[in-house]
Amino acid sequence: MFKKLLIANRGEIAVRIIRACRDLGVSPVVVYSEADRYSLAVQLADQAHPIGGSTASESYLSVDKIIDAALATGCEALHPGYGFLAEDESLVNACTDAGVVFVGPSAASIESMGDKLRSRSLVAAAGVPVVPGTENPVATLEEAAESSREIGYPIMLKASAGGGGKGMRLVRNEDQLRSAFQMTRGEAKAAFSDSTVYLEKYLERPRHIEVQVLGDRHGNLIHLGERECSIQRRHQKLLEECPSPFVGPEMRRDLGEAALAVARAVDYTNAGTVEFLVDAASSARPAPFYFLEMNTRLQVEHPVTEMVTGLDLAREQIRIAAGEKLSLSQDDVTWRGAAIECRIYAEDSANNFYPSPGGITLLSEPSGPGIRNDSGVCEGYEIPLEYDPLISKLVAHGRDRAEAIQRMRRALDEYKVAGVRTTIPFFHAVLGHERFLGGDLHTHFIDEHGLLSGTLQGSDGRLPRMMAALYHYLEAREGSSPDSTPGRRSRWKDYNRFPNLDSLEGP
Amino acid sequence: MRFSALDGDQTVEVDVTAEGRETFTVTLEERNGESSRETLKVLRRSGNRWTVEVENRVEDFLVWPEGDRTVVQWRRSTFEVDILPLRERLRRQTSSREAAGAAVLKAQMPGRVVSVLKAPGETVESGEGLVIIESMKMQNEVKSPKSGTVSRCGVAEGGTVNAGDLLFEIE
């Protein structure tokens, strides 16, 4: 096993990987940007290495700085987390050149799955259904119109280099296609420096269901069942669960075999996720499912799978990278109960999820049976403007879905955050919704049920108004600043506790 | 001490009187002209978290200031209370009458100006977009609160803004 591992990420996932390192007896080292000097990950790691300015391009997206940090700190391995450089094959190649083990799949696997058109043809050749569409790029409007007529409207215009909800456009008829075609190509060119686009059939109310896979370097490859992530906003997942309320044992087996076929097609090792769209609106049973994309990294929502399978995926990743064999076979995988994850963001869910940056002046985290909170923040922490404003991932596990939901509602009630707005009220609304309780999910659930804004504000403002008055009265009487909370205090005491914090100038 | 709170489009008065070290009587004027009174006993105050006894119940509140507003979280709801000392409210009303008709839009938070959609002298409709600002990787369109003419524009494409910076003035 490695002695030291560099974590090339920030926030809750850096904390998550630190914990996996501790459990394996590996010494965790984190990199940090200027904005993250006071982060929880920096506090918890054995060593913290500065990599520069606050913007991602000056720090977490710089392959050179990350590699330099690994070499300067003497790390033998590097875990990329998710986002940033996690799916960038140039980091994998740079690791190889520097003699640092990359905790993840091979550069070739990442590259094959990074290009949407190429992955579609690879997957189709492996006998796994893909969403009906064009096999090749469409270069002209005439070509696009002809293919669209063949596939049948509505269709989705997609950038081949896109992903994660970016670079795609819904087209309902030929008129719309005329204006959308050049626009999507232009956007793709601007965002990904590649104007290649293709067409896919648009599914009206699909469910997003994905399968976790795990492979070692000895040819062992298993799947750990599915997660449902249909609760999304602008193609960003907000709530995930394991198992899916839609998937029975038969469909789980089919999805699992399809995911393994996809993984095998690219000689996949380490942890990965194969995403499918399930056409639940179709009358066919079992419902048809189609390959969407493969994420060649650990997913944000991996904890729900961990809760139900009892595995530690981050730990497995590091073990696999160290050349060890999988700790279990497919037959050993068991699924116990159900788990749900809510992504708690510093966003105002009552105001169209407007980001709410600022200092966390009070933080009281939930606990009790079946509750896990993967947090990346602490009291007194300023949520930086530069990155995704995720506060924590709250996970509830129960004997069944109903118990997991009940526990999640209890935990949301206990979770207190002051200083910034959060998405906690939004999750109360979702978890109390009849259709959610019935498991009737699809990717437009939030929009269709009007859960986005306005309705979440409290109506009886009598006591809150009185409290606001009392607050100002006491502030005026005490004549002090309204903030008598932690976070404004001097940091000198903290620093003294971290003798391993590298100097800001670097070595 | 008297305060003025906004209730919808009306202002209502709130009065706070100390009855002891931890006990306060708060009188709230309602929209219908009647008033309600509660005795609030502060059992514990730890930073932004207040534990208060009211009508023989114990209630938990989170209270913190956010710009001109006061955020109160109670049970599962979040309230944004627009409350000021009565004297301050009167002063502001006078000054806002002087600038009657002009709407001044300020940045809510720091960000980068992605695109400027209107220039001084152009007419705008209520709800029409003025500028797109990116904060925390999210693009947000700032819309005009009224129909009128752009009298001032404080942003440039590619530039940055800080919270409180003037974005647009519409007359």
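Computation of the quantities below employed the complete heavy-atom set of this structure, encompassing side-chain atoms and omitting hydrogens, waters and symmetry-equivalent molecules. Letters A, B, ... are given to chains in the order of the sequence lines, protein chains preceding strands, and every chain is numbered from 1.
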Which atoms form the tightest heavy-atom contact between A:Tyr473 and B:Ala18, and what is the distance? OH-CB, 3.5 Å
What part of B:Leu62 lies closer than 4.5 angstrom to a heavy atom of chain A: side chain, backbone, both or neither? side chain
Minimum side-chain heavy-atom gap A:Leu474-B:Arg45 below 4.5 Å: yes
For B:Ser46 against A:Leu362, the heavy-atom pair lying closest together: O-CD1, 3.8 Å
Between B:Glu55 and chain A, which part of the residue has a heavy atom less than 4.5 Å away: side chain, backbone, both or neither? side chain
Pairwise side-chain contact, B:Thr78 with A:Thr422, heavy-atom cut-off 4.5 Å (strictly under): no
Would you mind reporting whether A:Tyr471 and B:Trp50 have side-chain heavy atoms less than 4.5 Å apart? yes
Side chains of B:Leu40 and A:Met467: does their closest heavy-atom pair fall under 4.5 Å? yes
Return the option, out of A:Leu412, A:Ile424, A:Ile383, A:Asp413, with the maximum number of heavy-atom pairs under 4.5 Å with chain B. A:Asp413
Under 6.0 Å from the CZ atom of B:Arg21, do we count more than 12 heavy atoms belonging to anything else shown? no
Looking at B:Val52, B:Val12, B:Val63, which one has more heavy-atom pairs under 4.5 Å with chain A than the rest? B:Val63
Candidate pair A:Lys416 and B:Asp60, rule side-chain contact (heavy atoms from CB on, under 4.5 Å), full reasoning: CA-CA 10 Å; A:Lys416 302 288 178 194; B:Asp60 201 35; 3.6 Å; yes
If the threshold is 4.0 Å, N to carboxylate O, is there a salt bridge linking B:Glu38 and A:Arg465? no
Heavy-atom pairs under 4.5 Å with chain A - which of B:Asp15, B:Val14, B:Val71, B:Asp82 has more of them than the others? B:Val71
Any side-chain heavy-atom pair from B:Val42 and A:Leu470 closer than 4.5 angstrom? yes
Could you check whether atom CZ of B:Arg75 has more than 12 heavy atoms from other residues, nucleotides or ligands sitting under 6.0 Å from it? yes
For atom CZ of B:Arg2, is the number of surrounding heavy atoms from other residues, nucleotides or ligands below 6.0 Å larger than 12? no
Near B:Lys106 NZ, under 6.0 Å, is it more than 12 heavy atoms from other residues, nucleotides or ligands? no
What heavy-atom pair brings B:Val72 and A:Pro464 nearest, and what distance separates the two atoms? CG2-O, 3.6 Å
Evaluate the criterion salt bridge (charged side-chain N to carboxylate O under 4.0 Å, His left out) for residue pair A:Arg462 and B:Glu34; output intermediate values, then yes/no. CA-CA 13 Å; A:Arg462 203 177 59 93; B:Glu34 290 176 17; over 6 Å; no
For A:Val420 against B:Trp64, the heavy-atom pair lying closest together: O-CZ2, 3.5 Å
Taking the basic N atoms (NZ, or NE/NH1/NH2) and the acidic carboxylate oxygens, is any pair closer than 4.0 Å for A:Glu379 and B:Arg49? no
At a heavy-atom distance under 4.5 Å, which candidate from B:Gln73, B:Glu30, B:Glu66 has the highest pair count against chain A? B:Glu66
Taking everything shown except A:Glu434 itself, do over 12 heavy atoms lie less than 6.0 Å from its CD? no
Can you classify the ring geometry of B:Phe3 versus A:His472 as parallel (below 30°), tilted (30 to 60°) or perpendicular (above 60°)? tilted
